[in-house]
Engineer: 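Supplied in structure tokens, the structure appears directly below.
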Amino acid sequence: MPKRVDHSSRRAEISDAVMRLLARDGLESISLRHVAAEAGVSAGQVQHYFPTKDAMMEFAATTIAGRIGERITAAGPDPDLHQILTALLPTDAESAADTRTLIGYLAFASVRPQIAETLATNGRGFRDHIAGLLPHHPEPTAAASTLLALLDGLALHVTVGQISADDARPLLTSAIDETLARGSRGR
């Protein structure tokens with residue numbers, strides 16, 4: 001009798017291998033051979049689930065987006081602006097690995113217009129969600145863009161060790177407080 005394979009589980013295992021490689025060794029480590037070795041499967045199995053490097057990277061990005069969503073959800077049942085944005089700072093080994101993976105994915109997307117457009121569309125959706133949490137701000141979309149750019153910069157600086165997560169958190173909190181204060185003054 002042939003062995004039954006859980007295809008969703010196998011795709012997730014291969015995607016996890018892609019993310020581990022990205023986080024540990026960077027974008028240049030993503031190849032059919034390296035991913036197969038990291039996942040403990042044959043190169044043929046990797047190709048069966050992901051016929052191209054783009055397909056591997058896109059699935060890994062979807063997985064990262066899910067992890068980010070889980071961190072936001074873990075912030076509470078109805079998280080406020082502080083809880084959402086501070087949940088996205090890399091503050092532990094898992095979130096730091098996710099940030100390194102995301103940095104690798106951004107580098108990958110920067111030279112692939114179709115993937116970059118998908119990333120930009122998702123980014124605009126998240127920006128608009130954040131802007132919706134600033135209903136009284138005179139320029140909610142610009143304010144949301146500024147906060148997200150600061151968050152991205154802080155996450156990058158924490159990831160490369162330029163600043164600590166403990167130092168980044170109050171910088172982000174201060175910017176959020178100033179943005180919210182400007183919104184209450186704008187009423």
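Computation of the quantities below employed the complete heavy-atom set of this structure, encompassing side-chain atoms and omitting hydrogens, waters and symmetry-equivalent molecules.
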Engineer: Would you indicate whether the side-chain heavy atoms of Asp167 and Ser164 approach each other to under 4.5 Å?
Structural biologist: yes
Engineer: If you round to the nearest 0.5 Å, how far is CZ of Arg100 from CD1 of Ile64?
Structural biologist: 10.5 Å
Engineer: Between atom CG of Leu22 and atom CD of Glu28, what is the distance when rounded to the nearest 0.5 Å?
Structural biologist: 9.0 Å
Engineer: Rounded to the nearest 0.5 Å, how far does NE2 of His136 lie from CG of Leu134?
Structural biologist: 10.0 Å
Engineer: Are Leu133 and Asp80 side-chain neighbours, meaning at least one heavy-atom pair lies under 4.5 Å?
Structural biologist: no
Engineer: Hey, does Leu147 have a side-chain heavy atom less than 4.5 Å from the side chain of Leu81?
Structural biologist: yes
Engineer: For Ile14 versus Gln45, what's the shortest heavy-atom pair and its separation?
Structural biologist: CD1-O, 4.1 Å
Engineer: Within the structure provided, determine whether Val35 and Ile30 are in side-chain contact (heavy-atom separation under 4.5 Å).
Structural biologist: yes
Engineer: Running the 4.5 Å side-chain criterion over Ile, Leu, Val, Met, Phe, Trp and Tyr, what cluster does Leu156 land in, apart from itself?
Structural biologist: Ile103, Val160
Engineer: Show your working on side-chain contact (heavy atoms from CB on, under 4.5 Å) between Thr91 and Asp166 and close with a plain yes or no.
Structural biologist: CA-CA 8 Å; Thr91 56; Asp166 289 339; over 6 Å; no
Engineer: How long is the straight-line distance from CG of Leu154 back to OG1 of Thr86, given to the nearest 0.5 Å?
Structural biologist: 11.5 Å
Engineer: What is the minimum heavy-atom distance between Val158 and Ala168, and which atoms define it?
Structural biologist: CG2-CB, 3.7 Å
Engineer: Assess Arg10 against Tyr49: is NZ or CZ under 6.0 Å from the centre of the six-membered ring, and within 45 degrees of the ring's axis?
Structural biologist: no
Engineer: For the side chain of Glu58 and the backbone of Ala55, is there at least one donor-acceptor N/O pair under 3.5 Å apart?
Structural biologist: no
Engineer: Any non-hydrogen side-chain atom of Phe108 less than 4.5 Å from a side-chain atom of Leu119?
Structural biologist: no
Engineer: Dump the intermediate steps for salt bridge (charged side-chain N to carboxylate O under 4.0 Å, His left out) on Arg20 and Asp98, then the final yes or no.
Structural biologist: CA-CA 9 Å; Arg20 284 192 307 274; Asp98 286 348; over 6 Å; no
Engineer: For Ala12, does its backbone N or O pair with a side-chain atom of Ser15 as donor and acceptor, under 3.5 Å?
Structural biologist: no
Engineer: Report yes or no: does Thr99 contribute a side-chain atom to a donor-acceptor pair with the main-chain N or O of Pro90 at less than 3.5 Å?
Structural biologist: no
Engineer: Which salt bridge (charged side-chain N to carboxylate O under 4.0 Å, His left out) pairs, counting each pair once, include a residue from residues 110-128, with sequence neighbours left out?
Structural biologist: Asp54-Arg112, Glu117-Arg124
Engineer: Could you report the tightest heavy-atom contact between Ala75 and Ala87, atom names first, then the distance?
Structural biologist: CB-CB, 4.5 Å
Engineer: Please check if the side chain of Lys53 supplies one atom and the backbone of Leu32 the other of a donor-acceptor pair under 3.5 Å.
Structural biologist: no
Engineer: Measuring from Leu102:CG to Met19:CE, what's the distance to the nearest 0.5 Å?
Structural biologist: 11.5 Å
Engineer: Hey, mind stepping through Thr146 and Thr179 against side-chain contact (heavy atoms from CB on, under 4.5 Å) and telling me if it holds?
Structural biologist: CA-CA 9 Å; Thr146 300; Thr179 300; over 6 Å; no
Engineer: Spell out, as yes or no, whether a donor-acceptor pair under 3.5 Å connects the side chain of Ser29 to the backbone of Leu21.
Structural biologist: yes
Engineer: Rounded to the nearest 0.5 Å, what's the gap from CG on Asp152 to NE2 on His157? Could you check?
Structural biologist: 10.5 Å
Engineer: Can you give me the closest heavy-atom contact between Ala97 and Ala23, atom names plus distance?
Structural biologist: O-CB, 3.5 Å
Engineer: So which atom in Ala155 and which in Leu89 form the shortest heavy-atom distance, rounded to 0.1 Å?
Structural biologist: N-CD2, 4.3 Å
Engineer: Does Ser174 reach the main-chain N or O of Leu171 with its side chain, forming a donor-acceptor pair under 3.5 Å?
Structural biologist: no
Engineer: What verdict does the side chain to side chain donor-acceptor pair (under 3.5 Å) test give for Asp25 and His34, after you've listed the backbone C-alpha separation in whole Å, the side-chain angles of each residue and the deciding distance to 0.1 Å?
Structural biologist: CA-CA 11 Å; Asp25 301 329; His34 288 122; over 6 Å; no
Engineer: Between His82 and Asp177, is any pair of side-chain heavy atoms under 4.5 Å apart?
Structural biologist: yes
Engineer: Is there side-chain contact between Tyr105 and Ile115, with heavy atoms separated by less than 4.5 Å?
Structural biologist: yes
Engineer: Please determine if Arg24 and Glu38 form a salt bridge, counting it only when a charged side-chain N lies under 4.0 Å from a carboxylate O.
Structural biologist: yes
Engineer: Over all heavy atoms of both residues, which pair between Gly104 and Met57 is shortest? Give the atoms and the distance, please.
Structural biologist: O-CE, 4.4 Å
Engineer: Would you say Ile84 and Phe126 make side-chain contact, with heavy atoms under 4.5 Å?
Structural biologist: yes
